[in-house]
There are 2 protein chains.
Amino acid sequence: MKSITIKDVAKALNVSISTVSRAFNDKYDINPNTRDLILKKAKEMGYQPNPIARKLIQKRSYNIGIVVPEFIHSFFPKVIIGAQEVLIEKGYQVLIMQSHESSITELRNTKTLVNNMVDGLIISLCAEDKNVEYYKSLVSTEIPIVFFNRTLEEIEAPKVLFDDYKWALFTTEHLIRQGYTRIIHLAGDMNLTLTKNRIKGFKDAHRKYKLDDFKIIYSGFSMTDGEVTAKTLIDKKKVPQAIFASSDYCAIGAMKTFKNFGYSIPKDIAICGFSESDMSRHISPPLTSVEQPTHLIGQTAANLLIEQIENKKAFIPQTIKLNGSLNIRESSVKLNL
Amino acid sequence: MKSITIKDVAKALNVSISTVSRAFNDKYDINPNTRDLILKKAKEMGYQPNPIARKLIQKRSYNIGIVVPEFIHSFFPKVIIGAQEVLIEKGYQVLIMQSHESSITELRNTKTLVNNMVDGLIISLCAEDKNVEYYKSLVSTEIPIVFFNRTLEEIEAPKVLFDDYKWALFTTEHLIRQGYTRIIHLAGDMNLTLTKNRIKGFKDAHRKYKLDDFKIIYSGFSMTDGEVTAKTLIDKKKVPQAIFASSDYCAIGAMKTFKNFGYSIPKDIAICGFSESDMSRHISPPLTSVEQPTHLIGQTAANLLIEQIENKKAFIPQTIKLNGSLNIRESSVKLNL
DNA sequence: ATTATTTCCGATAACGTTTCCGAAAAAGAT
DNA sequence: ATCTTTTTCGGAAACGTTATCGGAAATAAT
């Protein structure tokens, strides 16, 4: 399977390889007629420029690395799809890696990508991230990088975030308006910007209604986290009227546990989740959840990254905050008695 | 950000670049002492071999393309993770693309990957695949390629398949033993090997119990497919005693529709799904489902591909059939009256 | 002590492009 | 008709590696 090169095309037409190159890159200093001729002949011969040779001389890999905590559940895949769409459109290839919520794996993955000369990175941190210093050094070496959703305040880089404050506030308000007053927020990792903002929204909602009987538990994002926390609350007889969870999985874990112990949802306890998982609509009762614009998050991050890559000088790191919606379902709606 | 090259290392130690190269590739004709010296100095200088230059001369991209119908739901991501694990371990990078269940997109994606000089491909076809000829030509040009799960009989290439026949038979038998006799199988696309094998198992189970009141409907894999088919059955008053669906999503779609129309699961209709989605355990009633060894499928496919790439001559295309399990849950268990 | 063998390393050619420089040919200006 | 400018192209260097070949030094064999 001998592959055919630019030389073969040049020879076939009795032109120089420079000319063939010019034809393929649509340079200004080539006669349109010869260009068409070359392109036609090249197509005929089945010639395709070797991307690797091109990358070598251009000193760019046209690879973009994306690092996410996981892509088993639908949230991150949806973001990735959004990003991949715009990146592929612009001629980039995408390398996806998972940290499996491990700070160490995340670091190793990122380093692998950097060593493989990615032109840029799109990252969402794992829950308990300890790589701040590394990311700071990456940013300062000027490798283009965009963070989305899960990030840390200390890192000064372009970010695409969800408006966690606003929607946490809104969701809490929804619960309060339904008549629930003793609410617990199951939060994610306390260092994440996202967690801080949601807590702020949670508190401000209470403040707005002059309530102060709320509580925050740093449980984590997973279903197991939800289960464990619910069990603890039951054991300690501190079951609240409502729960606002860090994720749908956490919410569902809690919900299942409460149900197993005879609590009825939403009669005894109302529950809200976050990030609109696949399941929310289909479990019983259907789960109220904040929906994030996953696709848009991915697209925005990708565009921000490309802007940074192709326009390095003029680039100023910015934080883009995106909006969402609250899908209200049975799990948080007080029944009419 | 001037990157440092093999030349810099060579100059710093007053050796030739050949020697440095030898040190990094652990060739036999280098003195262990000088090798260590070079490696140490290189690390000190922060030198990393440029993978692109290496790829160019070795005429290998060390990229592997994976094409799947989608990676929103958990099945394909899990397979991909399995594959990625072994590929990264062996120094390959992974490019993932989705066909979105479109034959055209699938073709375009695959061509993009081939043009980008992937060293091999791992593919799972979209439902209604029309690219047989292209795949045949790919196989004949000897680009290493492995198909998994969704494939076509006409394609002669290494395949990693689930033992659909066995588990369809087993699942149907389970339903029959529960006392359900009028069973409908909601099948996937009729051209896929997987569909044919499942139908065969479905039929053989009936044969085994000397039953013949079964029916096959080619519905498709999605939740909507399940909903539509269920609605049709209700409208036509042809609701069976049990349903064996092509996927969990199809099963859940049907289940919801039946429930909405007042049927009770499993009292009025028993339902079984396929592929153990995230949701199966958590919906109500919990869904019986055939579980596939997703991780192992990915690993096996990757190993098969690597074998093919690195050992091209001696390679004979083989089909590997993997085993699974049936997770029996409420949705298919006849209640004791 | 001489020859044969091994061990180790350097020089140089590749890999397939793009880019830079310069020059021939064509077109325009005077 | 001569000079200037533009258009269009070819030659050669460069990108950072690995692979091939050959040769010097070191070791072993006779």
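Letters A, B, ... are given to chains in the order of the sequence lines, protein chains preceding strands, and every chain is numbered from 1. In this text the structure is predicted, and so the values were computed from the model without any measurement. Only this structure's heavy atoms are used, side chains among them; waters, hydrogens and symmetry mates stay out.
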**Request:** Measure the distance from CD1 on A/I4 to P on C/dC15 and round it to the nearest whole Å.
**Result:** 15 Å
**Prompt:** Once you round it to whole Å, what is the distance between C1' of D/dT17 and CD1 of A/I52?
**Reply:** 12 Å
**Prompt:** Within this structure, what is the CD-to-P distance between A/Q58 and D/dA13, rounded to whole angstrom?
**Reply:** 21 Å
**Message:** When you measure from the side-chain N and O atoms of A/K59 to the phosphate of D/dG16, is any distance below 4.0 Å, counting only OP1 and OP2?
**Reply:** yes
**Residue-phosphate contact under 4.0 Å: A/T5 side-chain N/O, C/dG16 OP1/OP2** = no
**Length of the CG-C1' vector between B/L37 and C/dC9, whole Å** = 14 Å
**Request:** May I ask you to check whether A/F162 and A/F148 place their ring centres under 6.0 Å from each other?
**Result:** no
**Request:** Give one of base, sugar-phosphate or nothing for B/I30, where a contact means two heavy atoms less than 4.0 Å apart.
**Result:** sugar-phosphate
**Prompt:** Is any side-chain N or O of B/T34 closer than 4.0 Å to OP1 or OP2 of C/dC8?
**Reply:** no
**Item:** From D/dA12, C/dT17, C/dC9, nucleotide with atom closest to A/S18 side chain
**Value:** D/dA12
**Item:** Atom-to-atom span, NZ of B/K27 to C1' of D/dT18 - whole angstrom
**Value:** 7 Å
**Prompt:** For D/dT17, does either OP1 or OP2 sit under 4.0 Å from a side-chain N or O belonging to B/K7?
**Reply:** no
**Message:** Please report the distance, rounded to the nearest Å, between CG in B/N25 and P in C/dC9.
**Reply:** 15 Å
**Message:** Over all strands shown, is B/N50 touching base, sugar-phosphate only, or nothing at heavy-atom distances under 4.0 angstrom?
**Reply:** sugar-phosphate
**Request:** Show the numbers, then the answer: is there a side chain to side chain contact (heavy atoms under 4.5 Å, CB included) between A/I306 and A/L87?
**Result:** CA-CA 8 Å; A/I306 289 180; A/L87 290 171; 3.8 Å; yes
**Request:** Assess whether side chain to side chain donor-acceptor pair (under 3.5 Å) is satisfied between B/N25 and B/R54, documenting all intermediate values.
**Result:** CA-CA 11 Å; B/N25 295 345; B/R54 168 179 269 166; 2.8 Å; yes
**Complete:** Winner on side-chain proximity to B/P49, out of D/dG10, C/dG16, D/dT17, is D/dT17
**Prompt:** Given that A/F24 and B/T19 both sit by DNA chain C, which one's nearest nucleotide is further toward the 5' end?
**Reply:** B/T19
**Asked** Once you round it to whole Å, what is the distance between P of C/dG16 and CZ of B/R54?
**Response** 18 Å
**Request:** Rounded to the nearest angstrom, tell me the gap between atom CG in B/N33 and atom C1' in C/dT7.
**Result:** 13 Å
**Request:** State the CD1-CD1 distance between A/I64 and A/I145, to the nearest 0.5 angstrom.
**Result:** 11.0 Å
**Request:** Could you pick out which residue, B/A53 or B/D29, lies toward the 5' side of DNA chain D when each is mapped onto its nearest nucleotide?
**Result:** B/A53
**Message:** Mind checking if A/Y47 touches a base, just sugar-phosphate, or nothing, with heavy atoms under 4.0 Å?
**Reply:** sugar-phosphate
**Request:** Choose from D/dT18, C/dG16, C/dC20 the nucleotide whose nearest atom is closest to any side-chain atom of A/S3.
**Result:** C/dG16
**Request:** Report the relative orientation of the aromatic rings in B/Y62 and B/Y92; use parallel for angles under 30°, tilted for 30 to 60°, perpendicular for over 60°.
**Result:** tilted
